[in-house]
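Reviewing the structure listed below.
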Amino acid sequence: MSSRKKVLLKVIILGDSGVGKTSLMNQFVNKKFSNQYKATIGADFLTKEVIVDDRIVTMQIWDTAGQERFQSLGVAFYRGADCCVLVFDVTAPNTFKSLESWRDEFLIQASPRDPDNFPFVILGNKVDLDNRAVSAKRAQQWCQSKNDIPYFETSAKEAVNVELAFQTIARNALAQETEAELYNEFPDQIKLNANDNGRNRDGDNCAC
Amino acid sequence: MASTSKDNAPISVQDENTPDELEPGACPESILNPTDSFEEFASEMSSSLQERNALTTKSSTISEIQSEIGEEKDAQMKTTKSADDLQSKDGSISASASSSNLTEENGDDTDNAPENYLHSPELINKEKHVFILSSAGKPIYSRYGNEDKLAGLCGVIQALVSVVEEQNQDILRSITTKDCKAVFLVKGPLILVAVSKSNESETQLVLQLTYAFNQIVSVLTLTQLNRIFEQRRNYDLRRLLSGAERLIDHLLIFMEKDPAFLLGAVRCLPLPEKARENITNAITTTCHKIRDLVFAIMIAGNQLITLVRMKKYTLHPSDIHLLFNLVRSSESFKTAESWTPICLPKFDATGFLHGHVSYIAEDCQACLLLLTVQRDAFFPLSQAKHTIAEKMRRSNCLVAINDALNRHRDLPTTNPLKHIGIPEIRHFMYKCKSTAQLFTSDPISLDRLQDYRMRHKEGGDIVEKPIKKLSDIDYVRNYRQFCSQIHCTSIPAKLIFRSNAQDTILAWVTNGFELYVTFDALMEKDQAIKAVDRLLWWIKKEEQRIFIMNAPTF
């Protein structure tokens, strides 16, 4: 009864190694940042409750490893995701170029029912650094070309736009959730087919 | 100074005491499917990944009944895909129990809230956890704590299961640590996990997880459960199960306490033969004209009073256990007649039966379930119930039931140990295999179960309590390891005799029965065997009272 209002969203964070996926998540969940780089092994799981339009939403965040050798875990992790967050590093153009393949990879492996409208969010991270190499315009253009994926420029270090980005993630995933609400038909469908074998097996075999 | 002997040899007494060769409680026809509960999890454990993924098709029993009844409305009703029977019954063994320490390191996150939650008083030091999640890793049920806050843990569980599945093409069965077992069961779109510090074996835990799964199926049907996740793998199943968590809670407690689950058998309410016959007659004479009634089941205090069935259909004990659990967990049945859809997973996992559920009378705590395939049969069944209740009252059946429930002093079954007259026997439980029925020396009473439940609600914590006097539930706990030795698939024991300073336990299985007896400490073998002879003789003598010895149909 109490769980009626509860919503849990599975959010997958993808992107090349070192773009700041774990840092973004840490900033969002724990309000912390560390300059030290520690590669994620496999995946990390964190949860955070957020409030979206008076609804309490639990975000189950799957922070995956960006390194190639962990990629085979993909299918299992992507299964049943509600939203996918793609992260790149605005100072490293190759991480931006990878977005396309990350997105494709996700759509292939997760095979959501409605791939065109599956909620993605793109985060261009590390905007606090000076050596920027991917312009906001270029990123936005790409996002527009992909069915208007929301784009945010973030800094996990300085907590720029992190909260807002995750709010949007929750909101968009939730919108999908309610839109595709299962039609809860009375689940009592019974197959009716003549089955004469059953009758023959019956007890009226008194061959006396 | 414990001496354990485990051999199949030296008992040659079994035939002397059973005059007509049938073991106590056995009868030519049974209302229940004879089962070995362990067969089920043996099959669960031996199925390989491919078998699990291959869905075998099985036709629906309910459809079969419907088609026989030949309703006119047939054409209007929609059809569904038939069962995805996920339990493959035979197959190669690919057991892979791994042993490792599961430690979650999460670097510098030590002070974040979800991480701490795993160590909160709500979760720490519990004897047994049960978690249910979707194959996407979304939490569905946790026995303790708030499953929302366990989303991270569920992610880890899903990762463990799928890494073994997808990288190693294998199935994760269990993880064993020094003091704790984690047992995993993947059933359809769900992942079920038990993490236990109790003395239950891996197979006993798998059985409990299977029951938990069947409880969910009982609420939704397997068809709907599979369909939901086929359509939306990210579905949050809690929405459909809200209100049913309580059924799983109760079931888990029930399973820990009642040996009926351990043995895959049903306990009957001991009644004079005549009284049971009258009750059965009241039902058959009233209901024989109701065409689509499949089962009429009367129960009281988790015990079966009678079961009348449509010809050629029998029930599996585990379906009856789910009915017991439903009735026990639902206070609302006490105040009003109810009409409720019930799926009995062993009978037909693909569809609902419709049940008229009500207590017989204000002054009699017996509950009658009339299960039909007809969706709108409430009124005729309600009428039938009143007729049955009236007939039962007139033939004094209500008094007989109340006497049995209140454990009237004059009944031999109220205090069997006194009647048998062997003071060395402290406790016993007996299962007649062919009828899947059970009798114990000290029926676990409602009140005591309630008492355990209360304690449980407060904690379910592991308590190192000083043992003053063993209760029946404690005896059953002690039998667990004997039970798993007897049902062990590799080297099953036929007879186990263990004597030490605390007590002497004898476990004995034959083709016809299973018997577990606790004697006083340091009992001699010969003496114990003599006592068992006497015990079996008594059970045989009282069999008409303590078992249901016929299989009535409408």
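Residue numbers start from 1 in every chain, and the chains themselves are labelled A, B, ... in the order their sequence lines are given, proteins ahead of strands.
Contact count against chain A (heavy-atom pairs under 4.5 Å) is highest for B:Gly155 among B:Ser134, B:Gly155, B:Gly152, B:Ser162.
Here the CZ atom belonging to A:Phe45 is positioned 10.5 Å from the SG atom belonging to B:Cys154, to the nearest 0.5 angstrom. Interatomic distance, A:Tyr78 OH to B:Arg233 CZ, rounded to the nearest 0.5 Å: 13.0 Å. Taken to the nearest 0.5 Å, the NZ atom of B:Lys149 stands 9.5 Å off from the OG1 atom of A:Thr58.
For a residue to count as touching a neighbouring chain, one of its non-hydrogen atoms must lie under 4.5 Å from one of that chain's; by this rule A:Ser111 touches chain B with backbone and side chain alike. The part of B:Asp236 that comes within reach of chain A is its side chain, from C-beta onward, which places non-hydrogen atoms under 4.5 angstrom from that chain. With a threshold of 4.5 angstrom between heavy atoms, B:Ser135 approaches chain A through its backbone and through its side chain.
Of the possible polar contacts, none joining the A:Arg79 side chain to the B:Asn234 backbone as a donor-acceptor pair under 3.5 Å is found. With hydrogens and angles ignored, the 3.5 Å screen pairs no side-chain donor or acceptor of A:Arg113 with any backbone N or O of B:Arg232.
Look at B:Lys138 and A:Asp82 and you find a salt bridge, because one of the NZ, NE, NH1 or NH2 atoms lies within 4.0 Å of a carboxylate O, short of that distance.
Contact detail for B:Ala136 and A:Gly80: the closest heavy-atom pair is CB-CA, 3.7 Å. The two residues A:Leu8 and B:Asp148 have their closest heavy-atom pair at CD1-OD1, 3.5 Å.
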